[in-house]
Number of protein chains: 2
Amino acid sequence: MGMVTDSEDVTENGSALARSQAARRRRVLDVTLAMADRGGFDAVQMRDVAAEAGVALGTVYRYFESKERLLLEANVEQVELLGERLLERPPEGTEAVERVVDVLNRACRWLTRRPDATAAMVRALGSARPTEADAVARISTSMGQIITAAMHAGEPTERDLAVARILTQVWLASLVGWVGGVDGPEVIARDLERAARLLIA
Amino acid sequence: MGMVTDSEDVTENGSALARSQAARRRRVLDVTLAMADRGGFDAVQMRDVAAEAGVALGTVYRYFESKERLLLEANVEQVELLGERLLERPPEGTEAVERVVDVLNRACRWLTRRPDATAAMVRALGSARPTEADAVARISTSMGQIITAAMHAGEPTERDLAVARILTQVWLASLVGWVGGVDGPEVIARDLERAARLLIA
DNA sequence: TAGGGAATTAGAACGTGTTCCAATATGGGA
DNA sequence: TCCCATATTGGAACACGTTCTAATTCCCTA
């Protein structure tokens with residue numbers, strides 16, 4: 001549970017100011033996710049987020065410099081949550097390939113089960129600008145860790161890291177394709193499985 | 001030169017109406033590319049495109065349903081052009097791996113040489129919606145063909161196609177990462193080379 | 001408990017993608 | 001050649017992300 005750093009630290013700080021700020025931030029994030037869940041990127045409108053979270057529009061912008069950042073931060077948490085879930089019930093399979101495929105499939109199912117929220121995340125990822133680089137990096141790092149963890153216990157080798165990185169990229173590109181309407185969710189699963197089998201001997 | 005279907009057919013049609021329409025369309029596309037080249041996605045403003053192309057704003061929208069579509073169509077041509085360039089001077093190397101790496105490197109250099117235009121394309125790709133699915137598909141298909149062509153002459157096998165698809169996805173995701181400021185152009189080249197070497201035994 | 005500095009608020013305002021419309025220009029067919 | 005469908009135009013209008021400001025509220029500290 002020691003993965004998240006910033007937000008949690010603030011929560012622990014007993015100062016009343018910090019506490020109310022953390023609470024506000026949380027409310028905004030929650031509202032954002034809820035709205036993204038039903039309607040995707042376009043359904044998340046800054047004015048609405050502010051109104052529903054009970055804060056002023058300017059306050060939302062004080063916490064999140066842009067709509068993309070807001071959506072990215074909300075989804076960093078989600079992906080990290082996904083990582084924890086996957087750890088709780090470890091991937092099945094005796095071979096590394098099998099475990100990785102299993103984990104990728106589960107991740108895929110988990111994401112496509114909330115299509116609008118995922119679409120919103122992907123669109124934010126796809127139109128991210130350098131200011132949001134750190135949030136984008138956090139997401140792909142999380143995904144990379146999920147994959148290396150599935151390979152085997154202990155430190156991943158150089159090669160493991162390279163393979164995980166490629167799989168993360170295939171994962172991202174597949175999602176972009178899916179959100180862009182190029183192909184359906186079954187194609188994501190197929191592509192990921194094929195990539196895993198080709199990369200992990 | 002028989003790859004492009006729609007637009008060229010129209011050009012061949014001698015009707016005066018069709019000819020002036022094709023000319024307008026071309027002007028808009030050219031202006032779009034020029035603007036994207038210096039300033040990226042944000043520098044392409046619909047009003048400016050219309051003004052500089054000498055047409056009304058409504059006319060731009062008659063030809064291209066959205067800014068994303070406009071940028072995508074303009075870049076489909078560019079990627080197809082890239083494909084032709086790469087065919088003119090065939091990739092170097094006796095092994096398939098070498099040829100693919102060569103082609104990927106050249107494609108990468110070609111794209112990062114016009115950073116703003118590429119950034120605009122990637123951002124359009126990343127925020128594409130299902131309405132633009134066909135344009136997105138054309139771009140990744142082109143890239144896929146570039147890669148399979150580099151592998152060997154003749155029909156690509158099932159496995160070739162799968163590998164090419166993965167490499168296309170890595171290519172796309174790398175570009176997204178680059179545009180998003182996560183990593184520099186040298187990382188794209190490194191990732192692509194590693195992926196190619198891992199996938200093509 | 002009073003003062004001061006920071007956070008928050010409400011709302012106006014701006015930029016740009018997108019839509020809409022009435023008026024006009026254009027080109028093909030009778 | 002004249003007429004009509006249709007493409008084009010100019011510009012207003014709208015939506016939403018983003019910025020800005022003046023007034024207000026909140027909390028820490030002396």
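Just so it is clear: chains get the letters A, B, ... in the order the sequence lines come, proteins before strands, and each one is counted from 1. Given the structure is predicted, the values throughout are model-derived calculations rather than measurements.
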Item checked: Reference residue Leu199(B); test side chain to side chain contact (heavy atoms under 4.5 Å, CB included); the match among Val100(B), Val170(B), Val97(B), Val163(B) -> Val163(B)
Hey, is [X] close enough to [Y] for a salt bridge, meaning N to O under 4.0 Å?
| X | Y | value |
| --- | --- | --- |
| Glu77(A) | Arg26(A) | yes |
| Lys67(B) | Asp42(B) | no |
| Arg197(B) | Glu98(B) | yes |

What is the distance from [atom1] of [X] to [atom2] of [N], rounded to the nearest Å?
| X | N | atom1 | atom2 | answer |
| --- | --- | --- | --- | --- |
| Leu70(A) | dC16(D) | CG | P | 16 Å |
| Arg129(A) | dT18(D) | CZ | C1' | 12 Å |
| Arg19(B) | dA7(D) | CZ | C1' | 16 Å |
| Arg62(A) | dT25(D) | CZ | C1' | 14 Å |
| Glu65(A) | dT18(D) | CD | P | 9 Å |
| Phe64(B) | dT8(D) | CZ | P | 12 Å |
| Gln21(B) | dA5(D) | CD | P | 18 Å |

Phosphate oxygens OP1/OP2 of [N]: is one of them under 4.0 Å from a side-chain N or O of [X]?
| X | N | result |
| --- | --- | --- |
| Tyr63(B) | dA7(D) | no |
| Ser15(B) | dG27(C) | no |
| Thr59(B) | dT8(D) | no |

Note to self: Tell me if the CZ atom of Arg85(A) is crowded by more than 12 foreign heavy atoms within 6.0 Å.
What the structure shows: no
Next item on the list: Cation-pi check, Arg114(A) to Trp110(A): give yes when NZ or CZ is under 6.0 Å from the six-membered ring centre and within 45° of the ring axis, no otherwise.
Entry: yes
Next item on the list: Would you please test Ser66(A) and Glu132(A) for side-chain hydrogen bond (donor to acceptor under 3.5 Å, both in side chains) and show each step?
Entry: CA-CA 9 Å; Ser66(A) 67; Glu132(A) 286 107 28; 2.9 Å; yes
Check: How do Lys67(B) and Arg24(A) order along DNA chain C: which one's closest nucleotide is nearer the 5' end?
Finding: Arg24(A)
Next item on the list: Starting from the 5' end of DNA chain D, give me the residue, Tyr61(A) or Ser20(A), whose nearest nucleotide shows up first.
Entry: Tyr61(A)
Notebook entry, point to check: For residues 43-53 of chain B, which residues have at least one heavy atom under 4.0 Å from DNA chain D?
Noted result: Arg47(B)
Note to self: Nearest to the Leu57(B) side chain among dG17(D), dT19(C), dT9(D), which nucleotide is it?
What the structure shows: dT19(C)
